[in-house]
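These notes are about the structure you will find just below.
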Amino acid sequence: MGAWPESDARRADGGRRQADRRVAHRQHGRAPVHRRRLDLLQVTAERLATAAHLHRSRSELAAAALLQDSLLPGRLPTTADWEFAARYVPGAENGVGGDWYDGFELPDERIGVVIGDVVGSGLPAAIVMGRLRSALRAYALEFPDPAEVLGKLDRKASHFETQTMATVAYAVIDTTTARVDLALAGHLPPVLAVPGEPARLVNPPLGPPIGHNLAVTGREGTTFDMPPGALMGFYTDGLVERRDEDLDTRLEQLRRQMTATTAETVCAGIMAHLVGNQPATDDIALLVTRHRPEPA
């Protein structure tokens, strides 16, 4: 065949260039669509993961709140001569945690009084709190000395609840003699108000917290009287600790609220003056017992 005319060659070459440009345009257009689809899938996956995490978190908080509510005593052991009142407020920042209070009858007309705080928050802390509460009740039936009970609790927690730490105050009230045996495991001391005397902090030997085999043996306690009209207040650190306030100042405010009136009135006054309408950043547990005054 002969050579193409020059005009035909130019037309053929121009057609090839146009075809190449159309192919390149189609290929160039597919890449952004593919990337946009990948971006959309990634955003969707992230949002689904976030929603699932929020759902799990809400479910865990609800379960922790339900568990803790079921473990707080529905009835405190009020008698003809002894009365109790209590408050519990979950923290606004961490939700439900490991704070608890307890009161129960013991043999020989004695009453056990407990307040504690498990390190941590949420469902794990609430589960540990429930186990420690049950174990302490069991040991309280076997051993009359609060210091020994806390030693047994420390051994149990150190063996079965690894990486757990809790502070606990445990007292046993002999309702016939009005004598109180008290032991502390790293917990803030209770406030005692005796008629005719300024309210004061009870300061027995302070043992280490529960957990990590810190004091399975060798814990000590103290004994004191609660005459008619006397009150004693137990509390967790959420009541008195604030980031912008001195702890001693807060403890002094608490001490001033311990006055010679009913346990319920004292509880209400403490919550009004130390908490008020401000949301609690940490769990608050408060338990007040009163030896009713003798009839006039």
| message | Looking at Arg290 and Trp82, would you say the former's side chain and the latter's main chain have a donor-acceptor pair under 3.5 Å? | response | no

| task | In sequence, state the C-alpha distance, the side-chain angles, and the governing distance for Glu245 and Gln253, and then conclude on side-chain contact (heavy atoms from CB on, under 4.5 Å). | result | CA-CA 12 Å; Glu245 294 185 54; Gln253 294 173 7; 4.2 Å; yes

| field | Backbone of Thr79 reached by a side-chain donor or acceptor of Arg292 within 3.5 Å | value | yes

| query | Does Thr265 reach the main-chain N or O of Thr261 with its side chain, forming a donor-acceptor pair under 3.5 Å? | reply | no

Show me the donor-acceptor pairs within less than 3.5 Å that the side chains of residues 202-209 make with the rest of the protein, sequence neighbours left out.
none

| query | Taking the side chain from Arg110 and the backbone from Pro107, do they hold a donor-acceptor pair closer than 3.5 Å? | reply | yes

| message | With a 3.5 Å distance limit and no angle check, can you tell me whether Arg250 reaches the backbone of Leu274 through a side-chain donor-acceptor pair? | response | yes

| task | May I ask you to test the Arg137-Arg133 pair for a side-chain heavy-atom distance under 4.5 Å? | result | yes

| Considering all heavy atoms of both residues, which atom of Met258 and which atom of Gly233 are nearest to each other, and what is their separation? | CE-N, 3.4 Å

| message | With rounding to the nearest 0.5 angstrom, report the OG1 to CD1 distance, Thr289 to Ile111. | response | 6.5 Å

| request: Supply the members, apart from Leu214, of the Ile/Leu/Val/Met/Phe/Trp/Tyr cluster built from side-chain contacts under 4.5 Å; use none for a lone residue. | output: Val119, Met165

| task | Following the transitive rule for hydrophobic clusters with a side-chain heavy-atom cut-off under 4.5 Å over Ile, Leu, Val, Met, Phe, Trp and Tyr, establish whether Leu132 and Phe160 coincide in one cluster. | result | no

| said: Which heavy atom of Ala199 sits nearest to which heavy atom of Arg255, and what is that distance? | reply: O-CD, 2.9 Å

| said: Are Val216 and Tyr139 connected into the same hydrophobic cluster when the rule is that any two of I, L, V, M, F, W, Y join if their side-chain heavy atoms are below 4.5 Å apart? | reply: no

| With side chains defined as the heavy atoms from C-beta onward, is the minimum distance between Ile210 and Thr167 less than 4.5 Å? | no

| Would Leu136 end up clustered with Phe143 when hydrophobic side chains under 4.5 Å apart are linked, directly or stepwise? | yes

| request: Have a look at Trp100 and tell me which of Ile115, Asp117, Val118, Asp283 forms a side chain to side chain contact (heavy atoms under 4.5 Å, CB included) with it. | output: Val118

| task | Return yes if some donor-acceptor pair links the side-chain N/O of Thr164 with the main-chain N/O of Gly211 below 3.5 Å, else return no. | result | no

| Among Asp99, Asp282, Ile270, side chain to side chain contact (heavy atoms under 4.5 Å, CB included) partner for Leu239 | Ile270

| said: Contact between Leu254 and Val191 at the side-chain level, heavy atoms closer than 4.5 Å - yes or no? | reply: yes

| Co-membership, hydrophobic cluster, residues Tyr101 and Val288, 4.5 Å side-chain | no

| request: Look only at the side chain of Ser158 and the backbone of Asn213, and say whether a donor-acceptor pair between them is shorter than 3.5 Å. | output: yes

| said: Keeping Arg179 on the side-chain end and Thr175 on the backbone end, is there a donor-acceptor pair under 3.5 Å? | reply: no

| Single-linkage hydrophobic cluster Tyr170~Met129, side-chain heavy atoms < 4.5 angstrom | yes

| task | For Gly120 and Ala125, work out which heavy atoms get closest and say how close. | result | C-CB, 3.7 Å

| note | In terms of heavy-atom contacts, Ala263 and Glu83 come closest through N-OE2, 2.7 Å

| Val172 and Pro146: which non-hydrogen atoms are nearest, and at how many Å? | CG2-CG, 3.8 Å

| request: Determine the minimum heavy-atom distance between Leu231 and Ala260, stating which atoms define it. | output: CD1-CA, 3.9 Å

| said: Under the criterion side-chain contact (heavy atoms from CB on, under 4.5 Å), I'd like the reasoning laid out for Leu150 against Asp154: C-alpha separation, chi angles, the key distance, then a yes or no. | reply: CA-CA 6 Å; Leu150 293 183; Asp154 189 15; over 6 Å; no

| request: Would you indicate whether the side-chain heavy atoms of Leu182 and Phe234 approach each other to under 4.5 Å? | output: yes

| Do the ring planes of His187 and Tyr235 sit parallel (below 30°), tilted (30 to 60°) or perpendicular (above 60°)? | tilted

| Using 4.0 Å as the upper bound for N to carboxylate O, is an ion pair formed by Glu142 and Lys152? | no

| query | Can you tell if the side chain of Phe84 reaches within under 4.5 Å of the side chain of Pro77, non-hydrogen atoms only? | reply | yes

| request: Check whether any side-chain heavy atom of Pro190 lies under 4.5 Å from a side-chain heavy atom of Leu201, and answer yes or no. | output: no

| field | Student check: side-chain heavy atoms of Leu287 and Leu76 closer than 4.5 Å | value | yes

| request: Could you tell me whether a side-chain N or O of His273 sits under 3.5 Å from a main-chain N or O of Gly269, the two making a donor and an acceptor? | output: yes

| Run the side-chain contact (heavy atoms from CB on, under 4.5 Å) check on Leu247 and Val240 step by step: do they pass? | CA-CA 7 Å; Leu247 176 59; Val240 294; 3.7 Å; yes

| task | Output, in order, the C-alpha distance, side-chain angles, deciding distance and verdict of side-chain contact (heavy atoms from CB on, under 4.5 Å) for Leu192 and Met226. | result | CA-CA 8 Å; Leu192 177 66; Met226 276 190 68; 3.9 Å; yes

| task | Consider only side-chain N and O atoms of Asp174 and Thr176, and report whether a donor and an acceptor are under 3.5 Å apart. | result | yes

| NZ/NE/NH1/NH2 to OD/OE distance under 4.0 Å, Arg219 and Asp145 | no

| Is there side-chain contact between Phe224 and Met232, with heavy atoms separated by less than 4.5 Å? | yes

| note | CZ of Arg242 to CD of Gln278, rounded to nearest 0.5 Å, is 9.0 Å

